[in-house]
Amino acid sequence: MASFASELRRQLASGSRSGPRRGRSPDRVAELAGLIDAAGRWDGSGVSLHTGSASVARSAVRLWRSEFGLYPGIQPRKPPRGNFGRASYVVRAEGNRA
């Protein structure tokens, strides 16, 4: 059974729409802020979002691109050796606008 937070992130990711957009949407900015608040980490050079869901990672990339013009990278992370967990993903956006 998935945790409440995991289920919420999955639902947010599935609700993101792609396509032509005009201007910055407060809803999409709030969605990205919620994802970062739930699973993100800020350091001096940018923001890293750690998630176990590929759809959440893709959604974060889509939101950063559409709302802020940033092109973050996605890095898959394999579970540690001997651990039967699932792979996770790190989405990294750098710069002042991140």
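Of all heavy-atom pairs between V61 and V91, the closest is CG2-CG1, 3.7 Å. Here the shortest heavy-atom pairing between L70 and A93 reads CD1-CB, 4.4 Å. When all heavy atoms of Y89 and A54 are compared, the pair lying nearest together is CE1-N, 3.6 Å. The minimum heavy-atom distance between S45 and R92, with the atom names listed, is OG-NH2, 2.8 Å.
A side-chain N or O of S55 and one of S53 form a donor-acceptor pair less than 3.5 Å apart.
Both F68 and L63 are members of a single hydrophobic cluster when ILVMFWY side chains are connected at heavy-atom separations under 4.5 Å. V47 and Y71 are assigned to two separate hydrophobic clusters, defined by single-linkage of ILVMFWY side chains at heavy-atom distances under 4.5 Å. Under a hydrophobic-cluster definition in which Ile, Leu, Val, Met, Phe, Trp and Tyr are linked whenever side-chain heavy atoms come within less than 4.5 Å, directly or via other members, W42 and V90 are assigned to different clusters.
Atom CZ of R62 is separated from atom CZ of R28 by 11.0 Å, given to the nearest 0.5 angstrom. Atom CD1 in I36 sits 4.0 Å away from atom CH2 in W64 (nearest 0.5 Å).
Under a cut-off of 6.0 angstrom, the local environment of CZ in R65 is crowded, with over 12 non-hydrogen atoms contributed by other residues, nucleotides or ligands.
Looking at E67 and L32, their side chains never come closer than 4.5 Å, going by heavy atoms from C-beta outward. Counting heavy atoms from C-beta on, the side chains of Q75 and S48 never come closer than 4.5 Å.
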